[in-house]
Amino acid sequence: MYDIESAYMRFLGRCHIEHAALKAVLFDMDGVLFDSMKNHTLAWYETISGMGIPCVREEFYQYEGATGKGTIDHIYQRTYGRDATDHEVEYIYGEKSRRFNELGEAEPMPGAKEMLTEVVRRGLIPVLVTGSGQRSLLDRLNRVYPGVFAPERMVTAFDVQRGKPDPEPYLKGLEKAGVKPFEAMVVENAPLGVRAGVVARIFTVAVNTGPIPDEQLRRAGANLLFPDMQSLAEHFCNLKF
Ligand code: CA
């Protein structure tokens, strides 16, 4: 059921590639390396509903992976029929970030450390690919997982024009790793993020660490789906290749 090797071989077959080896693993951050989505969705909900705009907390799981501006524009289009101005985006994202920081530090995702350790042990290149522009989380990444992500192997909101589901963040990640799409694996927890990995033509593994139905991750095109990071780490440690 969770055979990473077979799924990767099937993926290579569909790409008409006979010989390839995995060289890099591209990790999303929120909901993959940190159990931070509960806090993100609450911060968004409080910020947007506090402005008198009707919304529900659960919908913010659907926008996960988009940039702050992408999420705010979506809400503005629905409510006012237009994108937010730069000034509005700056204010609202600032307010959301402030509330997020007040909620305290998100816990590391169980299983993430084991997964990263195995990636490093195998000599694979770990790359961070996040839509987040929150310095607090990026700093914490280096404290919780020291020495794993080299600064030149991190793609954040500051590096891309278009957020997920656009493939740009993952294409940048491949560039930073110096590998071809079929030599990498993406680890994602959100439908928009899975879509971005798939459109970038990378082998994309989904971990469903949140409340959204598995079906949404499958429909986004995930090559393989795990219920959490622990089970991914366990199966990854047992890989033969
Ligand atoms: Ca995520």
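Heavy atoms only: backbone and side chains are in, while hydrogens, waters and symmetry mates are out. As the structure is a computational prediction, the values presented were derived from the model and not from experiment. Just follow the structure's listing: the first ligand is 1, and inside any ligand the first atom is 1.
- Residues satisfying the salt bridge (Lys or Arg N to Asp or Glu O under 4.0 Å) test with Asp159, not counting sequence neighbours, are Lys176.
- Within a 6.0 Å radius of OH in Tyr76, other residues, nucleotides and ligands contribute more than 12 heavy atoms.
- Taking 3.0 Å as the limit, the number of protein N, O or S atoms around the Ca ion (ligand 1) is 4.
- Applying the salt bridge (charged side-chain N to carboxylate O under 4.0 Å, His left out) test to residues at least two apart or on different chains, the pairs with a partner in residues 177-205 are Lys23-Glu183, Lys164-Glu188.
- The aromatic rings of Phe60 and Tyr63 sit perpendicular to each other, their planes meeting at more than 60°, with 30° as the lower class boundary.
- Grouping the Ile, Leu, Val, Met, Phe, Trp and Tyr side chains by contacts below 4.5 angstrom, directly or via other members, places Leu192 apart from Trp44.
- Phe236 is linked by a ring-ring contact (aromatic ring centres under 6.0 Å, His included) to nothing, counting only residues two or more places apart in sequence or in another chain.
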